[in-house]
Amino acid sequence: ATEHLRLATTTSTENSGLLSVLLPPFEQTNNCQIDVIAVGTGKAIKLGESGDVDVVMVHARSKEDKFIADGYGVDRRDVMYNDFVVLGPVSDPAGVKQTTDIASAMATIAQHHATFVSRGDDSGTHSREKQLWRAAHVTPDGDWYLEAGRGMGEVIIMAGERKGYTLSDRGTYLAFSGKTELKIVSQGDSQLFNPYGVIMVNPLKHPHVKDELAKRFLNFLVSDQAKALITGYRRNGEQLFYVQ
Amino acid sequence: MDYLLESIRAAIELIFAFDQDIQRVVWTSLYTSFCAIALSATLAVPVGVALGLTQFRGRRIVITLLNTLMALPTVVVGLVLFGLFSRQGPLGNLGLLFTPIAMIAGQVVLATPIISNYVLAAVEGCDSRIINTALTLGATPLQANIQLIKEIRFGVMAAIIAGFGRVIGEVGVAMMLGGNIRNSTRTMTTAIALETSKGEFAFGLALGIVLLSVALFVNLFLNLLQQR
Amino acid sequence: MDYLLESIRAAIELIFAFDQDIQRVVWTSLYTSFCAIALSATLAVPVGVALGLTQFRGRRIVITLLNTLMALPTVVVGLVLFGLFSRQGPLGNLGLLFTPIAMIAGQVVLATPIISNYVLAAVEGCDSRIINTALTLGATPLQANIQLIKEIRFGVMAAIIAGFGRVIGEVGVAMMLGGNIRNSTRTMTTAIALETSKGEFAFGLALGIVLLSVALFVNLFLNLLQQR
Amino acid sequence: MEPILCLKNVVLHQGDNFCLSIDNLELFPQRSYALTGANGSGKSTLLRVLALLQLPQQGIIQFNSKAKTITDKRQQITLVEQSPYLFKGTVYDNLAFGLKLRGIHTKEQQQRIQSALEMVELTALTQRKFDNLSGGEIQRIALARALALEPNIILLDEPTASIDGDSVQTFESLLTTLPSRGVTVVYSTHDRSQPQRIGSEVICIDHGQIVNGANARQNNTSENLKENTIWQRLTNVHEN
Amino acid sequence: MEPILCLKNVVLHQGDNFCLSIDNLELFPQRSYALTGANGSGKSTLLRVLALLQLPQQGIIQFNSKAKTITDKRQQITLVEQSPYLFKGTVYDNLAFGLKLRGIHTKEQQQRIQSALEMVELTALTQRKFDNLSGGEIQRIALARALALEPNIILLDEPTASIDGDSVQTFESLLTTLPSRGVTVVYSTHDRSQPQRIGSEVICIDHGQIVNGANARQNNTSENLKENTIWQRLTNVHEN
Ligand SMILES: Nc1ncnc2c1ncn2[C@@H]1O[C@H](COP(=O)(O)OP(=O)(O)OP(=O)(O)O)[C@@H](O)[C@H]1O
Ligand SMILES: Nc1ncnc2c1ncn2[C@@H]1O[C@H](COP(=O)(O)OP(=O)(O)OP(=O)(O)O)[C@@H](O)[C@H]1O
Ligand SMILES: [Mg+2]
Ligand SMILES: [Mg+2]
C-alpha cells in the first residue's frame, strides 16, 4: 500500500495552488501520498505538537522557533519566500501610495483613521501586521481598526466592501484580485519579506512519525528539482514564490 | 486530552470573570438568534400548518424541497446572501453586509426549513378532529388554525427549540455575513472558530461551554414557558 | 451577483462532467452521512421513545439537556473529539484522526440529539392508546414499542431526514476531524469551504448546488420508502 | 312555515363505495329529528353536511338565517361528533372555547358553563384535565360544550351511546324540551325506541339515501313538553 | 371449580377522586359477566386491570393458567377498549397484527381473519384503510380483531355502544355462545336488558366498588346456548 505522509500547512499555501504542482513528483518517485491538512498557522503548529501530523510548513518565524525550542520539531529548512503587500482602495483616501517605506505607510493609515481590516487571528500575517505597527510606532485602536478574525481571502473581501486597507500576502491577493477593487498601495519593503519554513515533527517525542519519509520530503523541498518548480510556478502570469 | 480539563477550568474562569469581550459576544449571539427565531417562526409555523392541512397537487414535492433545504450548508447560505448584500449586489447600497442584520437574515434562511418541517410533522401527527371541533364551536378558519397550533404546542415549541439550537450553534453564516468583527459582529461560535484556528483549543472549548450554558438557560426558560 | 448566475452554469457543467474528484467528494459525503445517520438513528430512536413514554424524576431535565445539545456547534464537537482521537488523546493509538471514521463519530454526536428530540416530540404527540392496544393483542413490551415506532413512522422519517440534512450539510466536524484531505476525507462541504476561502465563489456555490441535488435525491428516495 | 335547513339534490362521494345522495330534505324550526340507519349508512356524514363542515360535491344547502359568513352560520349550528375531541386543557377551558369566540366573558361565561355542566350532571369535573376522563364523561362534556353555546340548531351524533341509563333519561327529557325553547334538534341513534320517547320525527337512512322522509309535515313534538328540574335550569340561563 | 381470574384486595387510585377497590372478585371459566354502573364508576378501569394492562397499587391478581410471562398471559386475555384504536394500515393489517405475534401466518391467518370479519359482517371492508371508517365500523373491526385471536378470556368495553340494532342482535347471539366454546366473557354495558338477553351474571360497580357480586356461584349461562349461522362459522374456525 502507498504510504501516507501528513503535512499541516497554512491555508494560504494550499490556496495558492503551488502544492498541487510541487507534491506530485515527490509522490511518484517515493510511491507515497501526502495528505495536506490546510489550517491556520497556530493550529498547524498545534497539530505538530500533538503528533497528529508528520511535517509542518508555516510562515511565522517566532512560533516556529518556539516549536523547535520546546522539542516538538526538528530539522527546520527554509523552503521559499514570498512577500506581503498593503492593499487599499483605488481612491487611496489616506494617500498611502505617496509613502516610500512601510513604516510611514502604516503611520499614514493610522493618522487618517482610514478603515483597516486586520486578520486578528494570530496567523503569520497577523503577527507580521503587528510587527509593522510597532515599527510605525502606532497602537491601532478605534472604529477605523476592524479586527475580523478570518482567513486572508475573506479579509481582502471585507476590506474591499468597507473600502479599507489591509495587509495580505501576494499570493492570496492575486487569487482574489478579480473579486475585489483593492489595489496594491505599498510593496517591496524588506520588512514585507515572508519566509516559509518546513519542520519535521520530532520522532523522539512522537515515535509514530514517519521520519524516514519525512526526511526525504524535507530533502526534496530544498532540492534543485523543487526549486525549479517553485520559481517556475505562475499564477495569472505572476511569480508567487521565490527561493534563496 | 489535557486540554479538555484545562478548558473546563478556563470555562469556569471565563464565566466568573465574564469580562466585557465575552459579555459582548454572548449578547451578540443571543440577540441575533432571538430576532432570527422570532422572524423565522412567524414565517415557518404558518407554512408548516398549511402544508400539513391542505391537499394539493405537488404537495409532496414541496415537502421534499423543504426537507432538502434542511441540508443547506451554512457556507452556501452565506455565499448567496453575500451576493445579495455585497456592494455589487442588488441590496448593496443598504450597507447591510457585516452587520447583525445580515447575520439575522442568514439565520432566518437556516431556521425556516427546520421549523416548518418540525411543525409539519406535528400537524401530520395530530388529531384530525381538532379543526372540525373548533369550526363547529363557531371558530373562523383562522381561529381554528390557531387552536390547532395551541393543541400541538409541544411540537411547535420543539420546533422553535430545534431552530434556536441550529442558529445559536452555527458558525458559517455568522462568519461570512457578520465578518467576526471584534466588538461588533463576533458571536460565540465565530469566536470559538477563531480561537481554534489560532490553536487555542482550550480557550475555544471554554467558549463552547459558555455557549452551551447560555443555550441551557434559554431552554430552561422556554421549558418554563411551555409548562405554564 | 454575477457569480450566482455563473455558479449555476458551473454547477450544471460540474454535474454533467462529473469528474473523478467530484465523484469522490460526493461519495465521501454520502457514505459518511449514511453511516452516521444509521448509527445515530439506532441510538436516538430508542432514546426518544423511552423519554416519550416513561415518567421518572428528572425527566424534564434530561429533555432540556437534550434540547441544549442541539445547540452544540460543530466546532465544539470537533474540538472534543479531536481531543479523544488525537495522538495525545485516550484513543490516539487507533490513529483515527483525519479518517472517515472520526468524521462519522462527530456526525453521530451532531445528529443524535436532533433525531431523539424529533422522535420524542412525535411520541409525545401520538395517540396514547397505541401501546395498550398492542399489548392486549399479545405483543411483548418490545414489540409494542416497535409498533409505536411504526405508527409514528412519519415523525421518525422526518427525524431521520432532519438528521441527514444536518450531517450532510455541516462543515465543522468534517473539517476538523476529517482534515479535508483530497481523495480521502474531502466532502462536499469542506470542498465548498476550501473553494470559498480560495475566492472561487462560483465554484463553491456550484458545489453547493451539487450538494443540494444529492440531498434532494436522497430525500426523494426516503419519501418513496415512506410511502411504500 | 319555512324550513330552517334544507338540502336539495345533494351528492357527496366518500371513497369508492359510499355516496350520500339526498334529493330533498327539509328541516323545520323547533322540531326534533332522529336519524336512524345501519352502521355505515351515512348518518355521521349527513350530520357533518348539516353542520356545514363537509361540502357536498353537488347540490344546495339552504340555511334560513340572517347570518352572512359561513362562520356566522356555523355559530348557529353546533355539532357534537360521535367520538368528540376535547381540547387540551380543563373541562372549563373546553366549555369556554366557544363562548369566548362569541364574546361571552367573565360572569356570564361562568354562569353558562355552570348551567351546562349541571344539565349533564358533571359540575364536579369543572377543573379536571381533558385526558383523565371516562368515555361517558367525555361524551357528556362534549354535550355540555355544545349546549352552553345555545345554538339555533343542535346536531348530536349518537349522543347517548356511552351514557349510563339514569343519565340517558335526564338527557332525553332535556332533548324533549329543547324544540319549544326555539332549538331545532337533529340526532342520530341506534336505540329504536328513543325517537318515540323524545317525540322526534324519524329520518331513516340506508346506503346514503333517505328511505322514509321527514317531509310528512306533521309536528308530533310539541305536545311532549315536560317540566323538570333540568328544564328549569335551562330557563334560568335564558332569563339571566 | 377453580376461578380463572381472581382479584383480591385490589386498590387502585386514579387521580385524586377515583379509587377502584375490589375486595374479592372471582371469575369462573366459561361464563359470561356483565359489568354495569354509572359513568365514571370504574368499569373501564376494572377491565384494564383484568386485562393486565393497569397494575393496581395494592392487591393480588391471580390468573389460573400455565402461562409464565406476562405476555403469555396477555395472549390469553384480550380486551376491546371503549374507544378502540386501529393501527395505521388496512383492516386486514389490523386483524393480522395479533395473529402474526402468535406465529399464525399464510393460509390460517387469512382464514381466521375472514371468519372474524364474517362474524361482525364486515368482510366487504377487508382492504379498507383505518382512517375512513364509520364509528360503528371501527367498533366492529376492533371486535373482530379480538375474536380472531380466540382468547381464553375476552373483555369487551361497551361492545355494542355504537353498533346498529340488527347487528347488536347478531352480536349478542355470538356472545351467548362463546362460554360453551370455552371462552370466558366479561363486558360492560349501559343497556339494562342486555345481560339478561345474553344470560350473564351482573357485576354492578359504583364509585369503584362492587355493589352486588359475581360471587354467588349460580351458573345461569349454559342453558342459553343458541345454534345459529354465526355460531356455525365459529365452530368451523376452531375445527380447521
Ligand atoms: N388518568 C386518570 N387520572 C385521574 N382520573 C382518572 C383517570 N382516568 C380515569 N379517571 C377517572 O376514573 C373514573 C373511572 O373511569 P372509568 O373510565 O373506569 O369509568 P367507566 O365506568 O368506564 O365510565 P364510562 O361508563 O363513562 O365509560 C372516572 O371518574 C374518571 O374520571
Ligand atoms: N374518508 C372516507 N373515505 C372513504 N369512505 C369513508 C370515509 N369516511 C367514511 N367513509 C365511509 O362512508 C360510510 C358512511 O360513514 P358514516 O360515518 O356517515 O356512517 P354512519 O351512518 O355514521 O355509521 P355509524 O353508525 O357506524 O356511525 C361508511 O361506510 C364509511 O366507511
Ligand atoms: Mg356515525
Ligand atoms: Mg368506560
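Order of the sequence lines fixes the chain letters, A, B, ..., with proteins taken first and strands second; residue numbering starts at 1 for each chain.
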With only heavy atoms counted, which part of E170(C) is less than 4.5 Å from chain B, the side chain, the backbone, both or neither?
neither
Could you check whether the rings of F82(B) and F201(C) sit parallel, tilted or perpendicular, using 30° and 60° as the cut-offs?
perpendicular
Between R166(B) (side chain only) and G163(B) (backbone N and O only), is there a donor and an acceptor less than 3.5 Å apart?
no
Non-hydrogen atoms of chain B under 4.5 Å away: do they reach the side chain of A122(C), the backbone, both or neither?
neither
Which residue out of L220(B), L212(B), I192(B) racks up the most heavy-atom pairs below 4.5 Å with chain C?
L212(B)
Please evaluate residues V108(B) and I104(B) with respect to the criterion side-chain contact (heavy atoms from CB on, under 4.5 Å), reporting the C-alpha separation (whole Å), side-chain torsions for both, the decisive distance (0.1 Å), and the verdict.
CA-CA 6 Å; V108(B) 168; I104(B) 292 172; 4.3 Å; yes
Non-hydrogen atoms of chain B under 4.5 Å away: do they reach the side chain of F154(C), the backbone, both or neither?
side chain
Suppose we screen for side chain to side chain donor-acceptor pair (under 3.5 Å). Which residues come up paired with T189(C), at least two apart in sequence or across chains?
T187(C)
As an exercise: rank L72(B), V167(B), I168(B) by heavy-atom pairs under 4.5 Å with chain C and give me the winner.
L72(B)
Please report the interatomic distance CG(L216(C)) to CG(L65(B)), rounded to the nearest 0.5 Å.
6.0 Å
Quick one: what part of M176(C) sits under 4.5 Å from any heavy atom of chain B, side chain, backbone, both or neither?
side chain
Looking only at T64(C), V75(C), N117(C), the option with the highest number of non-hydrogen pairs under 4.5 Å against chain B is T64(C)
Steps toward side-chain contact (heavy atoms from CB on, under 4.5 Å) verdict (V25(B), V210(B))
CA-CA 11 Å; V25(B) 158; V210(B) 173; over 6 Å; no
Is chain B contacted by the side chain of I152(C), its backbone, both, or neither, given a heavy-atom distance below 4.5 Å?
neither
